Amino acid sequence: MLKTINCGDLGPEHVGEKVTLAGWVHRRRNHGALIFIDLRDRQGVAQVVFNPETAPEAHETAGSFRGEWVVQIQGEVAPRPEGTENPNIPTGAIEVVATGATVLNESLTPPFYVNEESEVDELVRLQYRYIDLRRASMRDTLILRHRVVKFIRDFLDKRDFLEVETPILIKSTPEGARDYLVPSRLYPGQFYALPQSPQQLKQLLMVSGVEKYFQIARCFRDEDPRGDRQPEHTQLDLEMSFVEEDDVLNLFEELYTELVEEVTPQKRLAKPFTRLTYEESMKRFATDKPDLRFGMEMADLSDLAPQTEFRVFQGAVDSGGVVKGFSAPGCASYTRRQVDELIDFAKSRGALGLITISLNGEPGLVSDLTMDQVRSAAARFLTLEQVKEIATRTGANVGDMILIVAGAAKSTNVALSALRNEMGARLEMTDPDDLSLAFVVDFPLFEYNDDEGKWDAMHHAFTSPKEGFEQYLETDPGCVIATCYDLVGNGVELGSGSIRIHDRALQERVFKVLGYSAEEVQQRFGQLLTAFEYGAPPHGGMAPGIDRLLMVLTNRDNIRDVIAFPKTQSAVDPLFGAPGPVEQSQLDELRLAVVGVGDPATEESAGA
Ligand code: ASP
C-alpha cells in the first residue's frame, strides 16, 4: 500500500508514530515559513505541517501543491500545539509533521470546490460526478447507502432468505410504465425488455420452492421524467411463500426499525408503525402517502355546500365533486400576499382555486366567534353558524386559517394534500430527525383509467383480491379491495407489495378485467400461468425502493443525490453523454433504421 494509515483514522493514540499518508490536497495555507496542508482521503482529513528547517525538501515539494493534487506524505504524528486544536474535526487534536512528500498526480483546477458544500449547477456536478462524489456530503451518502444495503443483507440472511439474481435481459414485466427495449442481434426484429421489476421472476422462484427470496434489484422504467423518478432505480425486492399480509408487514417493520436504529441512530422513529387503510388515509389526509409527522387532518364539507349561498361549493358538489379542507394553526395572521401565494400554489397543483377563512382575534372559543372576526372572500356567502360548523369540523380555533378546495374528488385531494405538506413545511412542523413510517393497506384492486376508458391495476396485475371480494371481479371491479400495501415514510411512498394470486383461473379473470385478450395473456404471461399449474404455493412480498429510503434517511428531496451516477431529470447522463448515437454498422447488425433523431444535449438544455 502507498499509505500505512488513513488520514481520517488518525487520533491522539497515534502520537509519536511514523506514518505514510496518501490522499488529495484538500486545503493549503502558508503560516510564515510553515506550510499547512489538509490532506483528505475517504476516511477524513488530517493536517500536515511542513517545516523548512527540519524537512527542507518536503517543504519545497509541498510548496508546489495545489488543490486536489494527489500526494503521498511521510511524517510523524504529533499533538497540535496548545490552542491550535480543532474540536470540529475528529483528527483535530493531532497533526502530522512531514519528513517527506511526493506528488503522485497533479490535478487541473476543479470546476467547483470540493472542500466546501457550495451550490453548484447540477449539470456540472453530474458531468464531473467523480469530483462531486469527493465532497463530504456525497461521500457520506455513499457510505450510508452501503451500510443500509449491508444491514438489509445481513438481516435477511439471518432470517433464512436467499439472495437470487434474476436476469436483466428478459421479456416485459409490467409495473405500469413503458419498457426499455434491447434489440436482439441474433434474432433481428425481436427484442428483450429490461425488467420494470423482477415481479414475475420472484413469483416463479416461489414456485421453485425458494420460499424466502430477496434481491437488491435494479428496475428499469421508461417513464416521463418526474421529480423523484429515475430511468433505473434500486429496490429491495422480496418475496415469501406461505405468508399472509401481516407476516410481510411485520417482517418489514422489524427490518426498518432495526435498520434505522443501527444505521441512523439519531433518527426519532415513531413506533410501532402506523397502519391505516387506504380509505382512512384518503379521508384524513387526502392522499395515500400521508406525512404523519403532523396533524392538519382533512374535513369533508361537501354536505354543507347546498346549505350555503356559495356557488363555488355548490357547483363542485352538483357536478359530483367534493368540498374539503383543513385548518392551519396560527395562520389567521397570513397577509394578503401570503394567501395569494397559497392560492397560486393550489392552482399549480391542479385546484381551480383555494378558499381561505381566517378566524381573527385573540385565541378563544369558536363558539364565541363573531362575523367581524371572519376574513374570507367567501364570508358574504356563509352564515356565522356555517363558519362555526366548518371551524368545528376542521378543528380550527380563533387565530387559525382554514384552507378549502372544491372540485372533482381526485384533483381536490391532490391539491389539498400538497397544501397540507406545504403548510407543514411553512410552519416548520417537522424536525429533520423525526421519522414516521406507516403502512397503508386495503387498496382497491383496480382504478378506472378515464382517458383510456378501462380498468388499470392499482398496484399490479398479480395482486390478489381480498377474501370475499373475488365474486365482484366482473360485476363491480371498482369495489374490489386488494391484499395490497404500501410503505410510506415522511410522506414519501417507499414501496408497495401484495399477497399474490397463485391460481391460474383467478389470474386469468384479473387479466380479463384489465382488458388483456386471451392471446396477449398467453404471449406475455403464459410462463407464469403455466407455472401456477405446477404446485404454486400461496405467496406475497414487497419491494421498497432503496433510493427513496436513502432520500428519507438523509432528508434530501433530490433522488439524484443518493445515487452515485444518476441520470438528469430528463433521463440524460451528462458524464458519458448517454443516450448517444451508435455506429451505423451496429444498427446494420441489428437491422435497425433510425427515423428522426433527437439530440439529448439540446433537449437537456431546453427541458431542464
Ligand atoms: N414488483 C412491485 C413493484 O416493483 C413490488 C411488489 O409487488 O413486490 O412495485
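Values in this document were obtained by computation on a predicted structure and should not be read as measured data. Ligands are counted one by one from 1 in listed order, and the atoms in each one are counted from 1 as well. Computed from heavy atoms alone, side chains included, the values below leave out hydrogens, waters and symmetry copies.
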*Flag the pair Phe161 / Phe155 as yes when their ring centroid distance falls below 6.0 Å, and as no otherwise.*
no

*Gln235: numbered ligand 1 atoms lying under 4.0 Å from its heavy atoms*: 3 (C), 4 (O), 9 (O)

*Check each of Arg178, His233, Glu232 against Phe220 using the side-chain contact (heavy atoms from CB on, under 4.5 Å) test, and report the only one that passes.*
Glu232

*asked:* Please check: side-chain N/O of Asp573 versus main-chain N/O of Ala578, any donor-acceptor pairing under 3.5 Å?
replied: no

*Mind checking whether Ser197 contacts ligand 1 via backbone (N, CA, C, O), side chain (CB onward), both or neither, at a 4.0 Å heavy-atom cut-off?*
side chain

*For the ring pair Phe525 and Phe462, is the centre-to-centre distance below 6.0 Å?*
yes

*What part of Arg500, side chain, backbone, both or neither, has a heavy atom within less than 4.0 angstrom of ligand 1?*
side chain

*Is Arg221 touching ligand 1 with its side chain, its backbone, both, or neither, if touching means heavy atoms under 4.0 Å apart?*
side chain

_If I apply the N/O under 3.5 Å rule, does Gln196 come out as touching ligand 1?_
no

*Could you tell me whether some N/O pair between Ser498 and ligand 1 is separated by less than 3.5 angstrom?*
no

*Among protein heavy atoms, which lies nearest atom 2 (C) of ligand 1, and at what distance?*
Glu175 OE2, 3.3 Å

_Sidechain-backbone polar pair: Glu211 side chain, Met206 backbone, donor-acceptor under 3.5 Å_ = no

*Of all the atoms in ligand 1, which lie at a distance below 4.0 Å from a heavy atom belonging to Gln199?*
1 (N), 2 (C), 5 (C), 6 (C), 7 (O), 8 (O)

_Six-ring centre of Phe151, Arg147 cation under 6.0 angstrom, axis tolerance 45°_ = no

_Side-chain ion pair, Glu253 and Arg275, N-O less than 4.0 Å_ = yes

*Starting from atom 5 (C) of ligand 1, locate the nearest protein heavy atom and write down its residue, its atom name and how far away it is, to 0.1 Å.*
Ser496 O, 3.3 Å

